[in-house]
Amino acid sequence: MPPLVTPWEVEALKSQLADAAEGRRFLLEGGDCAERFAECDAQVITDKLKILLQMSLVLVQGSKRAVIRVGRFAGQYAKPRSEDTETRGGVTLPSYRGDVINRPGFTKAERTPDPQLLLRGYGRAALTLNFIRALVRGGFADLHHPEYWDLDWARNSPLAPEYRRVVSNISESLLFLENILGIHAGEIERVDFFTSHEGLLLAYEEAQTRCEERSGRWYNLSTHFPWMGMRTSDPNGAHVEYFRGIANPIAVKVGPAMTPDTLLRLMEVLDPHHEPGRLTLIHRLGAGRIAGCLPRLIRAVHDAGRTVLWCSDPMHGNTRLTGNGIKTRRFDEILSELEQAFDIHAAAGSRLGGVHFELTGEDVTECTGGARGLAEADLGRHYTSEVDPRLNGEQALEMAMLIARKMSAGPPTPALRTDPK
Ligand code: PEP
Ligand code: CO
């Protein structure tokens, strides 16, 4: 079957990521923890796109940089789990591992891995991407019409006035540029989207790995930008062996157990030629641990003479259980990890070049806090994630506004290169 993305798109993203590593762009990556086949649905996909577009506008304005938009979508179907099994009422069954492997219902049949799901996953990813491409190319993402991106809840949000200000500033700037250049900005009116997912299930990843004949390089064409999860980044493991052979830009999650030595070994294996844009390091350390863990990793990478794109995932180090055993995350802890990440990089002469969120455009109640002050008691109202808790649309937009504020107070942006794609 045909691949989902092309090598030239993958290479275009790699060159944008190289820019981000040097501070000329900023990476915004976000989407579900576990994408669901049942949510391969026009409304859900449109809302996800809308929230990422809105966040990116806010970030463009605050960071004074072009923003690279990457969805955790069109393939984010496989999950690593901390426990192999789950026990309820004395019955023990295999854990749910994502829609491409088994099903979340608590019966033996539903938890038994079903290889047909691999094919269904490929199909769902293709349908999702097809719709996203149609929306983007069809004018939905036209910067002249940001009103298309309004989410229903946003009209009544306390954040609405600030968001409107950002949008009107951007519309004015666009008009100014068009008037001064005397063109209707054809190329800049649309924005790009790229896809990413955790390259966890090697059977799925390998099936779409192909050799590009002209260059002789191998690409994973199920996604533009696969990442390696924290549990599968052993330099001697199968995932590293697979990832080192593909030419895509790749990311590695970096958790609190990562040592400088292991990180350097990993980088040597995955990026022996120091290729610009090849490697993104996504640290996910936790608000309470980042200050203790991150500085020595930054120093080791710097001393090895490497330039990488550093990205913060402020979600996965801040997961906690409520008294009732519900998995949640606190808005203020997520923000705290992010703010510390900006400061720690700046103090070390490095730079945070991107952010990675679990979020949805839906009005869910999975993380506490934010402008509306969601409390633990609210979590039961609309909690639909089968795995990790996501920021809802409003919390995600607020997070973008706070990052924008933080970045607009930070160091100035180097100019964007104008090389051909
Ligand atoms: C994830 O991104 O959903 C995930 C499982 O992350 P990590 O590998 O960082 O725990
Ligand atoms: Co997750």
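Each ligand, and each atom within it, is numbered from 1 in the order the structure gives.
Remark: aromatic rings of Tyr204 and Tyr122 are distant, center separation not under 6.0 Å. If you look at His356 and Trp227, their ring centroids are closer than 6.0 Å.
Using a 30° and 60° split on the angle between ring planes, His283 and Trp310 fall in the tilted class, from 30° to 60°.
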Can you produce the list of protein nitrogen or oxygen atoms under 3.5 Å from a nitrogen or oxygen of ligand 1, alongside each distance?
unit_1, atom_1, unit_2, atom_2, d
ligand 1, 2 (O), Arg72, NH1, 2.9
ligand 1, 2 (O), Arg72, NH2, 3.3
ligand 1, 2 (O), Lys253, NZ, 2.8
ligand 1, 2 (O), His316, NE2, 3.4
ligand 1, 3 (O), Arg72, NH2, 2.9
ligand 1, 3 (O), Lys79, NZ, 2.7
ligand 1, 3 (O), His316, NE2, 3.0
ligand 1, 3 (O), Glu358, OE2, 3.0
ligand 1, 6 (O), Lys253, NZ, 2.9
ligand 1, 8 (O), Met230, N, 2.8
ligand 1, 9 (O), Lys253, NZ, 2.9
ligand 1, 9 (O), Arg284, NE, 2.6
ligand 1, 10 (O), Arg231, NH1, 2.9
ligand 1, 10 (O), Arg284, NH2, 3.0

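At the Co ion (ligand 2), the vertex angle linking NE2 of His316 with OD2 of Asp388 is 90° (nearest 10 degrees). Seen from the Co ion (ligand 2), atom OE2 on Glu358 and atom SG on Cys33 lie at an angle near 90° (rounded to 10 degrees).
Inter-residue side-chain proximity for Arg390 and Ser385 is flagged as met; some heavy-atom pair is nearer than 4.5 Å. Asp388 places a side-chain heavy atom less than 4.5 Å from the side chain of Lys327.
Between the side chains of Thr209 and Tyr242, at least one donor N or O lies within less than 3.5 Å of an accepting N or O.
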Discussion item. Using the rule given for ring pair (Phe, Tyr, Trp, His ring centres under 6.0 Å), can you reason through Tyr77 versus Phe37, listing the C-alpha separation, both sets of side-chain angles and the distance that settles it, and then say yes or no?
Written reply: CA-CA 8 Å; Tyr77 297 124; Phe37 289 174; 4.9 Å; yes
